[in-house]
Amino acid sequence: MKVTDYIALFLIKKGVTDVFGYPGGMVTHLINSFAKYEEQIHVHTAYHEQAAAFEACGYAQASGRLGAAFATSGPGATNLVTGICNAYFDSIPVMFITGQVNTFERKYPGMRQRGFQETDIVDMVKGVTKYAVYVETADRIEEYLEKAYWMAMQGRKGPVLLDVPMDVQRADIRLKGFLYAEAKRKTIEYPDVLDFVYRAQKPCMILGAGLKVHNRADIAAFVEHMGIPVVTSMTAVDLLPCGHPFFYGYIGAYGARTANFIIAKSDLVLVLGNRLDVRQTGRDRTDFAPDAVVIRFDIDPKELDYPIRSGEIGIQADAQDVIVYFMTKYKTNNQRHAQWRQICDTIAEKLKGMDNNICNSFVEKISRYVPENLVITTDVGQNQVWVAQSYRVKKGQRILFSGGHGTMGYSLPAAIGAYYAMKKPVICLNGDGGFQMNMQELEFIRREKLPIKIFVLNNYALGMIRHFQEMYFEGNYAQTIHGKGYETPDFERITKAYDIFYISCETPYDISDKFMQIDGPVFTEIKLKGNTYVYPKLEFGKANQDQDPLIDRGLFEYLMNLEIK
């Protein structure tokens with residue numbers, strides 16, 4: 001069998017239905033092999049390799065299956081790197097396949113380059129992949145593919161890369177039947193943790209994006225079984241539907257005030273699938289949950305090497321195993337923490353609507369018209385925070401973020417990948433800055449007539465950086481606003497060029513269900529007037545619950561002093 005035929009059949013066997021990439025000289029054999037099996041695996045041409053990488057990420061995030069992307073050698077491969085980083089930091093399983101020059105053209109040690117478009121992509125990405133390998137001979141492809149798949153999908157998931165030379169691609173191989181065995185799950189016991197939960201007066205849980213690979217119904221059942229308040233990371237706000245009685249929003253610098261107050265008042269914090277980075281804990285990690293015992297469960301032992309404080313309990317475990325353990329061992333009692341939940345409800349009521357602005361209102365209004373079980377994608381910047389704060393998640397909805405890498409230009413290609421994973425309309429939310437980074441993918445959407453409903457919240461600025469400049473640089477808006485080095489195009493004319501239906505909105509009242517009623521793609525431009533802000537916002541160095549704009553000091557003290565009687 002030809003090597004590239006085997007690669008195509010391997011991906012089919014692993015459940016991959018759609019692959020994203022861009023043609024190039026060093027992947028022509030691969031493209032030809034995919035074409036042989038087009039009834040089983042569909043290849044989609046992006047208009048930039050970075051976008052292809054993001055499309056594969058969106059496919060994997062939405063489906064839970066392996067994503068796949070390919071590019072030619074040299075600039076094609078290096079254009080994948082941002083997407084590879086995104087997959088690595090957000091634990092997204094994607095297999096990247098790059099073409100490479102023939103083995104006989106390969107450079108010698110110390111030589112800069114020998115073959116045309118030769119670039120050592122493997123060494124470049126070793127720090128941001130779980131596994132990256134140069135396929136030096138055809139007879140290693142079976143072993144390398146199996147190992148790459150196993151590495152991508154086991155433990156903390158992530159990206160892998162195979163760099164395949166042109167002469168290896170076209171070679172014939174005899175299959176050996178190489179296979180990696182599935183890792184055996186461990187039986188776990190956490191009796192001390194159970195005791196902590198039973199004794200706690202004010203416990204809470206922080207659920208992170210590591211749980212997004214698990215069944216939402218199982219997570220909801222777990223939360224209700226535990227009967228204690230839940231907060232999340234920003235990228236995990238879709239774990240529970242809006243209005244869930246135990247859910248109080250997401251924590252951190254731009255998080256919900258209620259969630260941050262609950263953490264500050266807790267005496268026990270259980271953390272599952274969340275790495276507690278500095279945007280969640282604040283600069284001084286000892287100010288985070290200062291009176292609480294912190295117990296962290298994480299599948300990645302390296303995350304546990306960075307404790308919040310001395311005395312923290314860190315346990316390496318798969319979140320699914322932790323959930324099963326608590327569901328079988330923890331004796332639920334709805335009255336055990338009823339007074340504490342009542343305090344949390346009081347905090348939420350006192351702070352309700354305090355930071356709403358017109359941008360939040362736009363997002364909330366959009367969410368009213370999005371049916372259950374659809375995927376929503378976000379970009380990076382103010383738009384991302386408004387979505388996390390104000391989008392009202394319904395049953396079965398998933399919100400895809402570029403979290404750890406924080407990549408502008410993510411939302412549009414991620415929406416394309418999510419569509420092919422779910423074969424349902426996708427809601428794609430963007431800022432004007434990030435949208436321009438990959439707006440060439442509008443041609444992909446036009447070409448395939450994809451039912452992607454695009455929103456651009458256009459504030460005619462790089463709003464988040466503009467806000468920083470206002471706070472720290474005396475309003476010197478260099479390179480962030482019109483007339484100072486940054487401009488936005490006429491989006492209506494752009495959508496006409498791509499033959500995409502255009503809607504313009506200036507107030508939340510202009511938002512209707514029209515975007516869902518129109519078949520195919522729709523582009524809605526939301527024209528925001530004046531400077532836009534994200535509030536609440538934590539000033540660096542302060543405790544998380546004391547966000548700007550500062551609330552009345554009497555109310556602050558009242559909330560901090562609420563105690564169980």
Side-chain angles (χ1 to χ4, degrees), residues 58 356-372 374-394 397-401 408-416 418-419 424-463 487-530 532:
N356 284 350
N357 60 43
I358 191 170
C359 304
N360 297 95
S361 298
F362 272 114
V363 171
E364 190 277 329
K365 188 74 178 292
I366 292 166
S367 70
R368 295 183 194 181
Y369 300 115
V370 180
E372 295 180 352
L374 295 191
V375 171
I376 299 91
T377 64
T378 69
D379 215 85
V380 171
Q382 290 181 331
N383 71 92
Q384 181 187 50
V385 181
W386 294 326
V387 171
Q389 290 175 336
S390 300
Y391 189 92
R392 302 300 182 229
V393 176
K394 297 187 181 81
Q397 290 181 346
R398 300 172 66 89
I399 303 178
L400 309 188
F401 294 90
M408 292 176 71
Y410 185 69
S411 185
L412 190 66
I416 292 171
Y419 168 76
K424 295 178 180 180
V426 178
I427 312 304
C428 172
L429 291 143
N430 309 263
D432 53 286
F435 182 76
Q436 293 183 78
M437 289 195 171
N438 271 314
M439 68 180 180
Q440 77 283 339
E441 299 306 300
L442 288 175
E443 178 60 17
F444 189 140
I445 292 169
R446 184 211 63 79
R447 185 188 77 213
E448 304 300 326
K449 299 180 176 59
L450 305 183
I452 294 176
K453 314 303 181 179
I454 303 161
F455 290 84
V456 171
L457 290 97
N458 186 3
N459 59 5
Y460 308 92
L462 300 177
E487 301 286 338
T488 53
D490 184 331
F491 287 119
E492 183 175 7
R493 292 175 65 188
I494 286 172
T495 55
K496 285 182 179 178
Y498 289 103
D499 195 25
I500 293 175
F501 193 92
Y502 173 84
I503 299 172
S504 175
C505 296
E506 295 188 3
T507 75
Y509 299 105
D510 298 332
I511 300 289
S512 70
D513 65 350
K514 188 175 182 180
F515 69 92
M516 290 302 306
Q517 299 305 318
I518 296 170
D519 291 336
V522 177
F523 184 105
T524 302
E525 180 181 8
I526 296 173
K527 297 178 178 179
L528 301 172
K529 298 177 181 178
T532 59

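The backbone N or O of Asn459 sits nowhere less than 3.5 Å from a side-chain atom of Lys527 that would complete a donor-acceptor pair. Using modelled atom types, one side-chain atom of Lys394 and one backbone atom of Ser367 make a donor-acceptor pair closer than 3.5 Å. Not a single donor-acceptor pair under 3.5 Å links the side chain of Asn360 to the backbone N or O of Ser390. Panel note: side chain Asn458, backbone Ile526; no donor-acceptor pair is recorded below 3.5 Å. Formation of a donor-acceptor pair under 3.5 Å by the Ser411 side chain with backbone atoms of Thr377 is found in this model. Looking only at distances, a side-chain donor or acceptor of Gln397 sits under 3.5 Å from a matching main-chain atom of Val370.
Here the closest non-hydrogen pair linking Leu412 and Asn430 is N-OD1, 3.9 Å.
Considering only heavy atoms from C-beta on, Thr495 stays 4.5 Å or farther from Ile454 through its side chain. With a 4.5 Å cut-off on side-chain heavy atoms, Met516 and Leu374 count as touching.
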Under 3.5 Å, side-chain donor or acceptor atoms of residues 497-508 against the rest of the protein: list the pairs with distances, not counting sequence neighbours.
residue, atom, partner, partner atom, Å
Tyr502, OH, Glu525, OE1, 2.5
Thr507, OG1, Tyr509, N, 3.3

Stepwise side chain to side chain contact (heavy atoms under 4.5 Å, CB included) test for Thr488 and Phe435: CA-CA 10 Å; Thr488 53; Phe435 182 76; over 6 Å; no
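Taking the six-membered ring for Trp and the full ring otherwise, the centers of Tyr419 and Phe444 sit at least 6.0 Å from each other. Ring centroids of Phe455 and Phe362 are separated by 6.0 Å or more, keeping the two rings apart.
Within a 6.0 Å radius of CG in Asp519, other residues, nucleotides and ligands contribute 12 heavy atoms or fewer.
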